[in-house]
Amino acid sequence: MALQQLDNLYRQTVMAYAQQPHHFHPVTPDDPCQVTKLNPTCGDVIHLAVTVADGRVKAMHFDGDGCAISMASASIMTDLMIGQTVGSALALAATFSKMTMGEAKDLSSLGEAKLLAGVVKFPARIKCATLAWHALTALLTETEEV
Ligand code: ZN
């Protein structure tokens with residue numbers, strides 16, 4: 001497959017996620033565990049809400065407004081994280097963050113999130129890709145301390 005085609009495939013997949021994000025519905029004041037994160041360099045905003053019970057991520061949803069990469073990344077993250085233990089969720093977020101810097105060795109645990117490995121080539125977009133994952137890390141770290 002030519003590089004151009006690979007790029008197109010990646011773009012189409014990211015666009016599909018961005019246009020119809022999974023677990024995308026409004027975060028309201030009734031959501032007990034939530035955070036808002038901004039990526040000022042691009043203008044991306046994400047509100048993320050998480051429900052943790054018995055040490056596991058039971059549910060997660062988000063809303064917000066941002067570029068295709070930030071929305072696709074958040075969507076893929078919700079699919080990956082629901083059902084994980086808090087410990088594995090934090091480990092996955094750390095692996096994802098390393099991947100965007102080209103430092104992760106084993107991407108097999110990341111599932112569809114591997115599609116975003118291409119942002120390594122676009123340093124300006126790394127914060128778009130990691131925004132939701134940083135939001136989740138912040139929320140889960142708080143939860144663990146409670
Ligand atoms: Zn962005």
Side-chain angles (χ1 to χ4, degrees), residues 6-104 106-146:
L6 258 182
D7 275 354
N8 284 342
L9 180 70
Y10 156 77
R11 212 171 289 138
Q12 278 168 11
T13 312
V14 168
M15 288 312 291
Y17 275 108
Q19 279 160 6
Q20 293 198 310
H22 299 171
H23 309 104
F24 186 89
H25 53 94
V27 173
T28 71
D30 292 335
D31 291 307
C33 185
Q34 60 171 281
V35 70
T36 300
K37 288 274 177 188
L38 310 174
N39 171 21
T41 56
C42 178
D44 308 316
V45 183
I46 281 187
H47 313 285
L48 179 72
V50 176
T51 307
V52 174
D54 303 325
R56 274 183 193 273
V57 178
K58 293 285 181 196
M60 188 184 297
H61 67 278
F62 72 103
D63 68 21
D65 194 16
C67 65
I69 290 179
S70 67
M71 292 293 115
S73 185
S75 172
I76 291 170
M77 182 189 78
T78 59
D79 283 343
L80 183 68
M81 293 297 190
I82 294 169
Q84 302 282 352
T85 63
V86 169
S88 351
L90 286 169
L92 286 167
T95 304
F96 182 84
S97 189
K98 279 188 189 162
M99 177 188 84
T100 61
M101 293 180 287
E103 292 168 4
D106 182 6
L107 302 181
S108 55
S109 59
L110 288 178
E112 296 272 273
K114 288 199 289 276
L115 291 168
L116 293 160
V119 296
V120 166
K121 290 183 280 178
F122 308 100
R125 311 311 296 277
I126 290 174
K127 284 185 180 157
C128 304
T130 55
L131 185 64
W133 304 70
H134 286 161
L136 179 67
T137 302
L139 278 181
L140 292 182
T141 309
E142 271 174 33
T143 310
E144 268 198 328
E145 282 165 6
V146 171

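- The closest side-chain heavy-atom distance from M77 to M60 is below 4.5 Å.
- Note: D63 CG to T28 OG1 = 9.5 Å, rounded to the nearest 0.5 Å.
- Looking only at side-chain heavy atoms (C-beta outward), Y17 and D79 come within less than 4.5 Å of each other.
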Might you work through the side chain to side chain contact (heavy atoms under 4.5 Å, CB included) test for V35 and E142, ending with a clear yes or no?
CA-CA 11 Å; V35 70; E142 271 174 33; 5.7 Å; no
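- Qualifying side-chain hydrogen bond (donor to acceptor under 3.5 Å, both in side chains) partners for T85, counting only residues two or more places apart in sequence or in other chains: S88.
- Taken from CE in M99 to OG in S109, the straight-line distance is 10.0 Å, to the nearest 0.5 Å.
- A donor-acceptor pair under 3.5 Å is formed between the side chain of D106 and the backbone N or O of S108.
- Counting only heavy atoms from C-beta outward, the side chains of V27 and L48 never approach each other to under 4.5 Å.
- Put simply, the side chain of T100 gets close to the backbone of S97: a donor and an acceptor are under 3.5 Å apart.
- The closest side-chain heavy-atom distance from V14 to M71 is not below 4.5 Å.
- Rounding to the nearest 0.5 Å gives a distance of 12.0 Å between NZ of K127 and CG of L38.
- By the 6.0 Å contact criterion, CD on Q20 is open, its count of non-hydrogen atoms from other residues, nucleotides or ligands being 12 or less.
- The stretch residues 71-101 participates, sequence neighbours left out, in these ring-ring contact (aromatic ring centres under 6.0 Å, His included) pairs: F96-W133.
- Between the OG1 atom in T13 and the CG atom in L115 there is a gap of 5.5 Å [rounded to 0.5 Å].
- Rounded to the nearest 0.5 angstrom, D44 CG and S73 OG are separated by 10.0 Å.
- The two residues L80 and Q84 make their nearest non-hydrogen contact at O-NE2, 3.1 Å.
- Side-chain contact between S70 and C67 is present, with heavy atoms from C-beta onward closer than 4.5 Å.
- Summarising the geometry of I69 relative to C128, their closest heavy-atom pair is CG2-CB, 4.0 Å, with the distance given to 0.1 Å.
- Sequence neighbours left out, the pairs with a member in residues 53-73 that pass ring-ring contact (aromatic ring centres under 6.0 Å, His included) are F24-F62, H25-H61.
- More than 12 heavy atoms of other residues, nucleotides or ligands lie within 6.0 Å of NZ in K58, so this atom counts as buried by the packing criterion.
- Closest heavy-atom contact between P26 and D31: O-OD2, 4.1 Å.
- K37 and A135 get closest at one heavy-atom pair: CG-CB, 3.5 Å.
- Smallest separation of non-hydrogen atoms from M81 and L92: CE-CB, 3.8 Å.
- In this structure, T36 contributes its side chain and H47 its backbone to no donor-acceptor pair below 3.5 Å.
- One finds the CG atom of N39 at 10.5 Å from the NE2 atom of H134 (value rounded to the nearest 0.5 Å).
- In plain terms, the two heavy atoms of T137 and A93 that are nearest each other are OG1-CB, 3.4 Å.
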